[in-house]
Amino acid sequence: QKDRTASDPLLHTMLGTTQLGWLKSRIDDAKTAGARWLFLISTISFEDVRLKPGSVDAVFTDPPYFNNVQYAELIDFCYAWLHLLLGADVADFRVESTRNMGELTGNKTLGRGLTHFTQGLSRVFTAASRALKPGAPFVFTYHHNEVSAYVPIVVSILDAGLDCTATLPAPAEMSASLHINGTGSSVMDSVIICRKTKTPDAEQRVGESSLRSWLKRDMARLLEGGIKCSKGDLMCLGTGHLARVATRRLRPGWDTHADIESRIARARVELESLLRRCSLARVVEGFCAESSGAARTPAHELAQARIFD
C-alpha cells in the first residue's frame, strides 16, 4: 500500500507535524537500510485483531483501571471539536460521541460492574496470550484504591494461561491531577509482568515478612529516584504483589470453563485470604510510622538508621 504518512489528515491530527516528520524519517531510514518492518495501527479491541498464534514477541498495554476514569466521557470534551473539524473528511470522526457499548470500564450509571469488566479484560488477555510466542512477556500497568478491583486482574491472567512472574513499582501520575488531587490516591502503578509458561514456579511460605520485604525493596528503588511512597502508594503496590501471588496459588486446577461468577468468587476469596495472612494494612501502617519518625530524625542519625535500606 502506498505510503500515506505525509498526506493523511488523521495522522496529522494524531501526531502533529513534528512527530509525524520524526516517524516518517524513521520509516525512511529503515527502508534505506533494507529493514522489513511489520506494524499495525488499529482502533479496534485486541480481541478482534486476527493475529497468527505464537507470532508476537511481546505485548505491552495499559488497560482501564476498572472505574477510576471514564475515558470516553472525558475525551468527548476534546472530540466535540475534532468531530466538527474532521467529521466531513474522516470516517472515524463522523460519530457524535466516542461512547460505545464495547467500553471496558466500570460505570455505575450504565450498569457495568465488576463482572462486565472481568469478562472483557479476560477476553482481551486471552487473545493477547494466544498471539504470544512461548515465554514471551505480557506486561501491563495497574493500580486502584479498592482491593476488589484487583480480582478481574487475577481472573484474566489465569484465564489467559499466563504466569505472573514479577510486579515492579513505577510512578504513574502527578499528585496534582484533577481526578485524584486531595483524595489520598496512589500515584504509583504496579507494572505486572506475565509470561506464557507451562510450569510456573509455586509461591512458597508467603506471609507478612514476605510482603514487608517486597515493599521495602520497592521503597528503596523509588527513593533512589527521589520518590517517597505515600500510604496510598504502598497499599496499591502491596495489593499488586498479592495479586501476583494469588494467580500462582490459583493456577493449579483453575477452570476457565467455570461460570464467570464462580471464577470471580474464587479469586476474591484467595486475594482476601492473602490480605489477612500478609497483614497488608499493618505492614503499610508500620512503614508510615517509620517514615514519620525518619522525618523527625536529624540527618546524621537517619544515615545510621537506614530506614529505607
Side-chain angles (χ1 to χ4, degrees), residues 44-49 51 53-54 56 58-69 71 101-107 112-168 170 172 189-198 200 203 236-237 239-275:
I44 63 176
S45 173
F46 199 107
E47 62 181 301
D48 297 322
V49 177
L51 294 173
V56 175
V59 172
F60 301 90
T61 186
D62 181 24
Y65 299 168
F66 184 40
N67 56 3
N68 269 0
V69 179
Y71 299 98
M101 295 302 295
E103 286 178 46
L104 190 53
T105 56
N107 189 306
R112 293 201 301 257
L114 204 71
T115 299
H116 166 86
F117 183 65
T118 305
Q119 288 175 313
L121 202 65
S122 173
R123 290 193 300 267
V124 171
F125 278 30
T126 299
S129 176
R130 190 181 303 119
L132 279 172
K133 294 178 180 179
F138 176 85
V139 183
F140 66 99
T141 60
Y142 198 77
H143 83 245
H144 203 286
N145 285 354
E146 298 176 10
V147 173
S148 60
Y150 287 80
V151 170
I153 296 299
V154 174
V155 173
S156 299
I157 291 172
L158 290 166
D159 284 353
L162 295 166
D163 178 30
C164 189
T165 57
T167 43
L168 306 173
D189 276 351
S190 289
V191 180
I192 300 176
I193 303 168
C194 306
R195 294 182 185 274
K196 288 184 69 173
T197 59
K198 292 184 178 180
E203 200 75 45
C236 286
L237 293 175
T239 309
H241 284 300
L242 297 182
R244 168 178 55 83
V245 175
T247 62
R248 290 193 155 194
R249 291 174 60 85
L250 289 172
R251 186 170 178 182
W254 182 259
D255 184 6
T256 58
H257 299 293
D259 65 87
I260 186 62
E261 296 299 342
S262 296
R263 302 201 311 274
I264 288 174
R266 190 177 176 197
R268 188 193 301 273
V269 167
E270 181 63 34
L271 194 53
E272 290 177 350
S273 173
L274 285 168
L275 285 168

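We're numbering straight along the sequence, starting at 1. Just so we're clear, the structure is a prediction, and the values are computed from it rather than from any experiment.
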- Carefully, step by step, assess Val155 and Trp254 under the rule side-chain contact (heavy atoms from CB on, under 4.5 Å). CA-CA 9 Å; Val155 173; Trp254 182 259; 4.2 Å; yes
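Among all heavy-atom pairs drawn from Cys236 and Asn145, the shortest one is SG-OD1, 4.0 Å. Closest heavy-atom contact between Ala170 and Val191: CB-CG2, 3.6 Å. For the residue pair His144 and Ala149, the shortest heavy atom distance occurs at CG-CB, 3.4 Å. Summarising the geometry of Pro152 relative to Leu121, their closest heavy-atom pair is O-CD2, 4.1 Å, with the distance given to 0.1 Å. Nearest heavy atom pair, residue Gly240 against residue Ser190, reads CA-OG, 3.8 Å.
Using a 4.5 Å heavy-atom threshold, the side chains of Arg266 and Asp255 count as separate. By the 4.5 Å heavy-atom criterion applied to side chains, Tyr150 and Arg268 are not counted as neighbours. You'll find the side chain of Ile192 stays beyond 4.5 Å of the side chain of Arg244, heavy atoms only. Looking at Thr197 and Arg251, their side chains come closer than 4.5 Å, going by heavy atoms from C-beta outward. Residues Leu242 and Glu270 have side chains not in contact (no heavy-atom distance under 4.5 Å, counting atoms from C-beta outward). Within the 4.5 Å cutoff, the side chain of Pro63 has no heavy atoms near those of the Val124 side chain.
Under a 3.5 Å cut-off, the side chain of Lys196 and the backbone N or O of Gly161 do not form any donor-acceptor pair. Using modelled atom types, no side-chain atom of Ser122 and backbone atom of Ser156 make a donor-acceptor pair closer than 3.5 Å. Formation of a donor-acceptor pair under 3.5 Å by the Arg195 side chain with backbone atoms of Gly135 is found in this model.
A distance of 10.5 Å separates CG of Leu271 from OG1 of Thr247, quoted to the nearest 0.5 Å. Considering CD of Gln119 and CG of Leu114, their distance stands at 10.5 Å, rounded to 0.5 Å. Thr165 OG1 to Phe138 CZ: the interatomic distance, rounded to the nearest 0.5 Å, is 12.0 Å. Atoms CG and CG, from Asp163 and Leu158 in turn, are 9.5 Å apart once rounded to the nearest 0.5 Å. Note: Leu237 CG to Thr167 OG1 = 8.5 Å, rounded to the nearest 0.5 Å. Taking OG1 of Thr126 as the start and CD1 of Ile157 as the end, the distance is 11.0 Å to the nearest 0.5 Å.
Checking Phe140, Phe46, Tyr142 one by one against Phe125, the ring-ring contact (aromatic ring centres under 6.0 Å, His included) holds for a single residue, Phe140.
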